[in-house]
2 protein chains.
Amino acid sequence: MSGERPDPGTVRPGGRTAKVRAAVLRAAGDALAESGFDRLDLAEIARRAGVGKTTVYRRWGTVPGLVADVLTEMAEGSSPRTDTGSLLGDLTANARLVHRTLNDPRQGRLFRALITAAGCDAQAAAALHRFYRVRIAEWAPCVEAAVARGEAPEGTDAAEAIRAVSAPLYYRFLVSGDPLDEAAADRAAAAAVAAVEAGVFANGAAQP
Amino acid sequence: MSGERPDPGTVRPGGRTAKVRAAVLRAAGDALAESGFDRLDLAEIARRAGVGKTTVYRRWGTVPGLVADVLTEMAEGSSPRTDTGSLLGDLTANARLVHRTLNDPRQGRLFRALITAAGCDAQAAAALHRFYRVRIAEWAPCVEAAVARGEAPEGTDAAEAIRAVSAPLYYRFLVSGDPLDEAAADRAAAAAVAAVEAGVFANGAAQP
DNA sequence: CTCGTAATGGTTCTATAGTTCCGTTAGCAG
DNA sequence: CTGCTAACGGAACTATAGAACCATTACGAG
């Protein structure tokens with residue numbers, strides 16, 4: 001009895017264990033950005049991290065499990081939010097940040113790989129959703145500020161407005177394949193502002 | 001040297017070849033909907049289609065290659081467009097169709113698998129983009145009709161408006177994991193209408 | 001109808017992703 | 001500092017996805 005066996009790495013998270021985790025996550029990020037999700041080889045990652053292949057299989061088990069841990073680590077680092085003083089300015093800054101991220105050779109491939117992994121595995125999907133919940137919450141205050149300034153209707157759902165900015169960019173990136181340029185980013189922000197001003201994201205009644 | 005060897009299935013596309021293709025594509029769709037993209041086993045598909053494993057590998061080669069063919073077939077069947085007489089009505093009908101499709105157990109899993117496959121393979125991605133280009137073009141006329149009725153500004157990019165309807169739904173479905181209910185669909189349509197009316201998707205200048 | 005060959009399908013073979021085993025290293029409690 | 005054992009790492013092993021081979025079936029030109 002007593003099958004109590006804690007996950008490896010939790011009892012002695014000290015020096016070596018932490019170094020192994022950091023090295024493997026870095027190597028995994030590099031490999032995801034270079035090769036994509038499906039061509040990921042855990043043995044290759046172990047080699048690049050200077051770590052035993054057995055260790056990677058023992059700690060993370062599967063490719064999506066490793067991706068989930070990469071996402072958990074990414075959620076901890078926060079991205080600075082801009083404050084331009086106007087809702088359109090702030091949302092345009094957000095849209096351009098998303099645009100730059102998805103167009104950046106390394107980051108773009110990485111995000112595609114992460115989202116692809118989430119399409120294959122529930123654990124990776126849960127980690128992805130947590131990551132975006134954090135990011136959306138980081139940007140929500142700029143909508144709340146707009147409400148406080150009277151630029152947006154009372155009761156506007158800030159998270160929904162932020163999602164409305166990203167959505168058209170991710171849709172192009174993942175689904176339709178249409179060009180993802182800065183004009184598209186600016187349009188996404190402008191469309192979100194138009195919807196906010198029309199009261200589409202306000203909870204009570206709306207639409208003057 | 002004459003290395004000229006046409007792809008298998010192109011010289012004699014008659015009875016048996018066509019039957020094999022149909023059976024394999026049907027089995028592939030079922031398997032994608034049930035197991036998802038990563039757990040796809042070409043041997044299992046061959047078994048379910050009542051076809052030799054060798055044939056599947058010879059005709060389609062890889063999993064993403066098979067997915068690309070599934071998408072090509074799907075692009076041929078068209079989905080009926082509604083005509084309610086108002087832009088908001090038409091776009092709401094579109095949003096609800098997308099919402100129903102993504103929430104349907106079989107279709108939802110299938111689309112997730114298809115998009116996931118596109119994240120792994122350029123050929124599947126190209127097929128996915130063609131599929132959505134067709135679908136978007138099918139719905140574009142309802143925006144053009146709104147322009148003709150004077151409901152929308154001259155020069156409105158119809159395809160962009162249609163994309164704006166789908167984008168928030170796919171964003172929830174693939175990226176953020178937020179609930180994808182009918183209220184979200186209606187909000188997506190309302191937001192798109194607000195953006196259209198504000199002239200965000202008009203080509204010249206805009207914003208009265 | 002007859003024939004040439006495109007296309008299929010069972011079997012066997014191979015490369016490699018992932019597992020198991022066990023000896024070695026080093027975190028941390030006392 | 002010392003000892004216990006969590007965690008690591010190399011090597012040998014196994015299961016399976018995908019390739020190669022060749023005999024069989026049946027499309028379609030004449």
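Chain naming here is simple, since letters A, B, ... match the order of the sequence lines and numbering starts at 1 in each.
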Taking B/R112 for the side chain and B/F173 for the main chain, is one N or O donor matched with an acceptor at less than 3.5 Å?
yes
Stepwise side-chain contact (heavy atoms from CB on, under 4.5 Å) check, A/L97 with A/T82
CA-CA 10 Å; A/L97 174 63; A/T82 336; over 6 Å; no
I want to know whether B/Y170 and B/Y132 have ring centres closer than 6.0 Å.
yes
For residues 122-131 of chain B, tabulate all N or O donor-acceptor pairs below 3.5 Å that involve a side-chain atom, not counting sequence neighbours.
| unit_1 | atom_1 | unit_2 | atom_2 | d |
| --- | --- | --- | --- | --- |
| B/H129 | ND1 | B/A125 | O | 3.3 |

State the CG-OG1 distance between B/D121 and A/T116, to the nearest 0.5 angstrom.
11.0 Å
Phosphate OP1/OP2 of C/dT8 contacted by B/R59 side-chain N/O (<4.0 Å):
yes
For B/L180, is there any backbone N or O sitting under 3.5 Å from a side-chain donor or acceptor partner on B/N103?
yes
Got a sec? Which of residues 20-48 of chain B come in under 4.0 Å of DNA chain C, heavy atoms?
B/V20
Return no unless some side-chain N or O of A/R58 is found under 4.0 Å from OP1 or OP2 of D/dA6.
no
Distances under 3.5 Å only, N/O to N/O: pair up the protein atoms with those of nucleotides 10-12 of chain C.
| unit_1 | atom_1 | unit_2 | atom_2 | d |
| --- | --- | --- | --- | --- |
| C/dG10 | N7 | B/T54 | OG1 | 3.4 |
| C/dG10 | O6 | B/T54 | OG1 | 2.7 |

Under the rule for side chain to side chain donor-acceptor pair (under 3.5 Å), what residues qualify as partners of B/E44, not counting sequence neighbours?
B/R47
Under 4.0 Å from OP1 or OP2 of C/dG18: is there any side-chain N or O of A/Y57 that close?
yes
Would the distance check show the side chain of A/R81 and the main-chain N or O of A/E138 forming a donor-acceptor pair, the cut-off being under 3.5 Å?
yes
A quick test of your reading: do over 12 heavy atoms of other residues, nucleotides or ligands sit less than 6.0 Å from CZ of A/R39?
no
Between NZ of A/K19 and C1' of D/dA7 the distance, given in whole Å, is 15 Å
Residues A/T84 and A/D90: side-chain donor-acceptor under 3.5 angstrom:
yes
Whole Å only: how far is the CG atom of A/L66 from the P atom of C/dA17?
15 Å
Examine D/dG9: is either OP1 or OP2 under 4.0 Å from a nitrogen or oxygen in the side chain of A/T55? Give yes or no.
yes
Have a look at the helix from C/dC1-D/dG30 to C/dG30-D/dC1 and give the angle its two end axes make, five pairs each, rounded to 10 degrees.
50°
List for me each residue that meets side chain to side chain donor-acceptor pair (under 3.5 Å) alongside A/D104, sequence neighbours excluded, and say none if there are none.
none
